[in-house]
Structures are given as C-alpha cells and as structure tokens.
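Before any comments, here is the structure.
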Amino acid sequence: MFDVCIIGCGIVGAAVAYELSRYDLSVAVIEKENDVATGSTKANSAIIHAGYDPEPGSLMARLNVEGNRLAASFCDSLDVPHMHCGALVLAFSEREAATLAQLLQRGRENGVPDLRILPRDEVLEIEPALSGEVVAALYAPTAMIVDPWQYTLALAETAVRNGCSLHLETAVTGIEPSPLGYLLQTSQGFIETRTLINAAGLYADDIHNMVAPPAFHVQPARGEYWLLDKSEGQRVSRVIFQCPSDAGKGVLVAPTVHGNLIVGPNSAPSEGRNDVSTTAQGLHFVRETARKSVPGLDFSANIRNFSGNRAATEHSDFIITEPRPGFIDLAGIKSPGLSAAPAIAKLAVSMLEKGGLALHEKQNFIDMRKKAPPSGRVVCRCETVTEGELRAALHAPIPPRSVDSVKRRCGAGMGRCQGGFCAPRVVDLLAEHYNCKPTDVLQDGRGSHILVSETKRGLCTDTI
Amino acid sequence: MHGYDLIVIGGGPAGLAAALAARAGGLREILIVERDIELGGILNQCIHAGFGLEYFKEELTGPEYAGRFIRLLRETDIEVALDSMVVEITPELLVRVIGRDGERTLAAKSIILATGCRERARGPLGIAGTRPAGVITAGTAQRYVNIEGYMPGKCVVILGSGDVGLIMARRLTLEGAKVLACVEIMPKAGGLPRNIVQCLYDYKIPLYLSHCITEICGEKRVEQVRVARVDENRKPIAGSEFAIACDTVLLSVGLIPENELAQAAGIGIDGENIETATPGVFVCGNALHVHDIVDKVTAEAQRAGAAAAAYVKNGGAS
C-alpha cells in the first residue's frame, strides 16, 4: 500500500515524485516504458520558457514563471546540464513589432522579470547571424535551455534515492476504488494506493477515464525537428523565436546544452499517440521557416531529424483538477510543460495536502546529485564519453536498459556519427551488465532489437 | 615533459606506414596512439580479399595487409599506445591523450594525423519516417558481422552504392540474409566496378540507379522502406514510389574524413596536401581525403612520414 502513486514518469511525474520524496511518505511511480522520459519529455525544444507567452491569469502563465525560477535552482543542485542563454522573439514587420509590445505587456503581467524590446541594430549586434529583415525583438533574459532527459532523470533519481519506488515496464490496465483509496491493475500485478496522480501525458485521458467520467481528450500534435552538428552550434547564442501565432510559438532556432543547434518545430496532426514520424513536407516547412530568422543555416550539417507529440487537449490551459477525492489529473501539459513542471508538482502536492495527506519533512532528504566524472578508455569518440561514465550510469539508481537510454544518460552515440563507432561497445557493456546475449540488447523500447542472430560461424570450435 | 620526435595519431594503414617511413627517414622517438585495442584500423574488419594488388602485387585480405605492416613495426622500437584516444592537439604540438590509466599530455616535434574517416549517417540525408532499430551504417554492420559475430538483420535494403555497402551486400548474403535491393540516387554506382559485379550482379541483387528512399517505416524495428525514382535534380518523381518490406536499412552513403582534432585546434587541412597549415603537423590517408584503395593510402602515408622526418631533422623547417 502506497500513500501516493504517480502514473507516468515524464517530466511531470518525475517532478511530483521528487517533490513528494521530501516527505515521510511511501511513493511509487508507475511507467509503462523501460525508461523515464520516453514520451513528450523526450522530444521537444528543450527550453525553459521565460513565461511571456501564456494568457495572464492562466495556470500556464503562473506555473511557467514559477517553474522557470525553480528549474534554475534544481538544475544547479541536481547537476542538470543547462544554460541561462535568454531568448529573442523577432519581429519582421511593424505589425509584428506591435505583437512584441503585446507580449511585453503580457510578460510583465505574468511577472516575467527583465523583459525589454531591443531595436534592430542592437538585435543584430548580439546575434549577427540573424536576418537583416528583422525590425525589432523582445528580449527575455530568463529563458533557459536544458537537457530534458537529464532533468527528468535527475528528479526521478533523486526521488528514488530518497525512497520512492519506480516501476518501469508496468502498464496500468485498470483502476478501481478500494476501501482505502485506489486499486491499480497493472501488467505486473496489483498495486494499492491511498491517492493517485495522473501524469500519463499522451495517455492522460485513458487513465482519467478509468476513474472518472470523460472530461477531456488528448489530441496529440506532432512537432518535427532538425538537430544540427556542433559545427553549427555557435550560429546563434540565444533561443530565437518568431512571433507566435495560433499554431503555437512557431519555429525556433536555438543552441542546445550539448553544443548542437536545434531547429523546429512545426505543428502537424499525429496518426496516433505513438506516431513520432517525420515527413518530407514537415521538415521542408521547418527548414524554410527557420531560414527566415537565420538565413545562413547549413542543413547539410544535420545529424538527426526527430519529432515529438505535444500532449494537447481541447482545453487551452493545463488541466489540474481533482475529479474524485484523492485522484489528481495533471493533464494537457503541452508547452510550456517542461518549464512549468516543478511548479505543477508543488501545486499537486498542496492539493494532496488539502485532501488530507499529512506531510512530514524527512530529516535526511538528499537534495544533491553529481554525475560521474570521465574515467577509463573513451567509448564514444564524437562526444568523448568514457567507459567509467557508462559503468557509473549502469550502477545509478535508475540504470539504462537500452542503447538509447545509455545515450540519453551519458551522451554516447549522440554525436555526429550517431553511434556508428560506439554502439557495438555499448551493446557489449549492456550484455555484460545484464548477463544477456547481445541479441537481447534493445535499441530503445520493447521489440527494438539491434541484432537478430549469430553469424554461421562455420565449424565453430565448441561443436568439434 | 617528455618530447617525441613524432606522434602518429591513428594505428590503421595510414598511421602504420607513416610511422615506418618516419623511422626510415631517421626519426628515433616515435609514438603511435591508437584508440582500438589493436593496430590495423578498419582493415581488421575487412576480411574480404582485394587489398595489396598495387603495393604488394598480390591479393590480400584486410587483416593480412595490416599484418604485414604490424610485423615490420614490431621489428622496430616504435612505441604504441593502444586503447588510447587523442582528445586534443594544439598548434604548439601538444597532444592530450586519454587511455585506460587516465589522461596525459605529451609534447612532440611533429604530428601526423592518420585518424581515418567515419561513415555518413542518416542525419545529413534527412530521410523522413520513423526512427526504428535496424537502420545501420554499412561499416558498423561489417563490424557486427565480422568482428562481433552477429547479424544486424535478415532482410536488407542497402541505400547508396559505396564500396563498404557493396561488400556487405555479398557478406550478408553469404551469411544467409536476403539483400533485396541496392538503391542509389545517382545515375551511376558509387563503388568500384569490380565490387558492383562481384557483390551485386553475381548474387542477382538488383541495383536501382536514380532512385532514393523517401521514407523509413516501422515502429520498433524497420518494417519497410518507400523507394522512388528521382529526376535529374535528384528530386523524387511523383507516382514512381513503391514499397519494399525489409527489417534492415544499410547506409552506404559516403565517408567523411575525421579531422575534428585539427579543426578544434584551428589547424587548416586543404584535403589535398599532406602538409597542414601548421608547420610540423601532417595529415594522410582517409583523414586527408577518402581513398578508393588502401595501397594509395600507404603511398601517401609514406610521403607524410618522410616529410615529418625531414621537418624534424631540419630543426623545424619544412
């Protein structure tokens, strides 16, 4: 029996787990995939927004601005790669310049600090690669870039270190009320809990509907990206937005914490919640739109295209409600969800407390984390990742189970060769660690085997 | 700090021949830094024959070709640091190395970059679709099959007609896989004519010239690719598309000289000359430009070794 069970270990679930692990409570996180941060958290723009964009008075506005502040401190204490690089919203016409003034006003209402409008010359002076067509820009110095995987992992790992239990590869198939709370039917058996947090992202409506009458519907919207090599990483030094429209914040160009350049997203309907495919038209649109901001972008330096799904619903705001006592929905967490997550978590915990959950702070809460330093031979040439770092990850509270989950933790395979050289060695290390055959090692999720069989081996010595 | 006459970065065919030539040119203290656990470089996984026809006037496999140089090297006192990777060089000829035992910085009177090349991956092609397991470069597949002893797939479509892809078409076929097609965007094949004949035609593997893969499909593992004919601007022709069901896409779409060390140090490489823009730093083999056959790498590396020797013996003047 748990005090709190959290369904989903994306950024929102991990942030709630972290927040709850401060207290003397038994907490479990249930995740259907084999790693944390595999849904919307995995594939997005990796930006902690300043908060000038959401409608004043909305949950998104309040939680974004508060989340931005919290993220800055979490990233420091939990050793999450991040950079306080700031953001620019570009205007290319007088009409768009008027939009900037509105955003400035909105941002001030939302409590975003230090916003100001820069004239054309000043914009081009600090970002010389921008198009000369720009007429002005809104400057938001508190915008940050972050590694969303590391951010989620850091929060989840710290929660686990503080006693939270994480159940990976455990899908919730049914929920029933029980005398003390809720009984979860999962692919790994029954789990009973007093209270329940729905942080299931793209599947939040499915989970909600197991407990309460339907109230919202997840309508995933795909965003496609280009990720350019480090040779393009210095092209801009801030997050470069265009003026937002009804379709969202538009196509951005931004450095990443790994030194690459990210370009995207568009907004396209998804064929199902697992549909993270890219399309020729979508990528073309992103490329041409981005060139309006930064004309000199070299797309031949592309190292990866990807797309992610926004966990949007028919509601414009986040859905943070308690449709049944002890059951809290944290749903419709689209952008700025990554930015708002720590504030969403604090709100969820205060809702649980109001509902009667007693919160006693732990005496010995561990609130710091340090990634392993490089040691031993270099496994990944492009990113200079050492065997010592890989082995440390394999012995961390949430060890990687696949080649991609090693990549997300250590960076091996993330560089320009995309794992061409290091994947065989990572496969070896995983096989050795889990005492399995290389043919059992996965690229990423269930069923994504890299190798299909042994070679014929001729007259193999052990048969002679 | 200990100073070497020459540090050779890379122990493949270029590095081996360069070090031996520098020794023949009179250099005494030479170190080869190799990131793998043995010398030989990519030749170790090239178990097919066809190497050495020019240089040795006989047909050798890759490991045999490398072995001849490794044997010559063993007769010298040229130092070798295996399992060690150079992570930085400076214009002042300092070399930072990470090995099993940690990091050290070495000084050199000359440096030869013999770091080879890497394969172009899926990224630069911008192929749409999903990102399942089973999309793999030909060289990585070659390592899995020939060194590790594992098959990366059973039903394979090869994109690009570079030599490594062609060699792997034959190798995978011999190992029991079905190679369904080789798809090349250009109107003519990229690899050597002999490989087209011996690796594709001899095994009745169809070569689709002026075609490209427009989409990779499959959620966990590759399930199919969509292929289209392209026009003279290499754009897919509407209506020409067809699907091939497969579990693997092998990429053989070009090799890229690996010279990030020089780039990071601001050392210019022109892609043609063994001299870099920094006196005392030389480059040879596939790190300079991609060679069709290893014999030409050897010849070029020997020139680089001799040039480094002359440079050091002249007291730092080329």
When B/R221, B/K220, B/R131 are compared by non-hydrogen pairs under 4.5 Å with chain A, the top option: B/R131
Give a yes or no on whether a salt bridge exists between A/R409 and A/D35, defined as a side-chain N under 4.0 angstrom from a carboxylate O. yes
Top of A/I303, A/D444, A/D275 for chain B proximity - count of heavy-atom pairs under 4.5 angstrom: A/I303
When the 4.5 angstrom heavy-atom criterion is applied to B/L125 and chain A, the contacting part is neither
Check the pair A/V294 / A/R235 against side-chain contact (heavy atoms from CB on, under 4.5 Å), numbers first and verdict last. CA-CA 8 Å; A/V294 188; A/R235 188 70 73 170; 3.8 Å; yes
Please classify the contact of B/E260 with chain A as side chain, backbone, both or neither, using a heavy-atom distance under 4.5 Å. side chain
Within the 4.5 Å heavy-atom criterion, are B/M151 and A/T439 side-chain neighbours or not? no
Pair count under 4.5 Å, heavy atoms only, with chain B: among A/H449, A/Q443, A/R377, highest is A/R377
At a heavy-atom distance under 4.5 Å, which candidate from B/G102, B/S84, B/G126 has the highest pair count against chain A? B/G126
Donor on one side chain, acceptor on other, A/S402 and A/D404, under 3.5 Å: no
Heavy-atom proximity to chain A below 4.5 Å, by part of B/E219: side chain
Distance only, no hydrogens: is a donor on one side chain within 3.5 Å (strictly under) of an acceptor on the other, for A/Y225 and A/S45? yes
Which bit of B/R118 comes within less than 4.5 Å of chain A, counting heavy atoms only: side chain, backbone, both or neither? both
Measure B/A121 against the heavy atoms of chain A and call it side chain, backbone, both or neither at under 4.5 Å. side chain
Is it true that, when you exclude A/R273 itself, more than 12 heavy atoms of the residues, nucleotides or ligands shown sit nearer than 6.0 Å to its CZ? yes
Counting distance only, does the side-chain N/O of A/S277 pair as donor-acceptor with the main-chain N or O of B/G129 below 3.5 Å? no
Relative to chain A, which segment of B/E103 carries a heavy atom at a distance below 4.5 Å: side chain, backbone, both, or neither? neither
Tell me, for B/L82 versus chain A, whether the close heavy atoms (under 4.5 Å) come from the side chain, the backbone, both or neither. neither
Short N-O contact, B/D36 and B/R143, less than 4.0 angstrom: yes
Contact part of B/P124 toward chain A, heavy-atom cut-off under 4.5 Å: side chain, backbone, both or neither? both
Using non-hydrogen atoms only, which part of B/V87 is less than 4.5 Å away from chain A: side chain, backbone, both, or neither? side chain
Between B/L174 and chain A, with a heavy-atom cut-off of 4.5 Å, which part of the residue counts as in contact: side chain, backbone, both or neither? backbone
Using modelled atom types and a 3.5 Å cut-off, is there a donor and acceptor pairing between side-chain atoms of A/E224 and backbone atoms of A/T279? yes
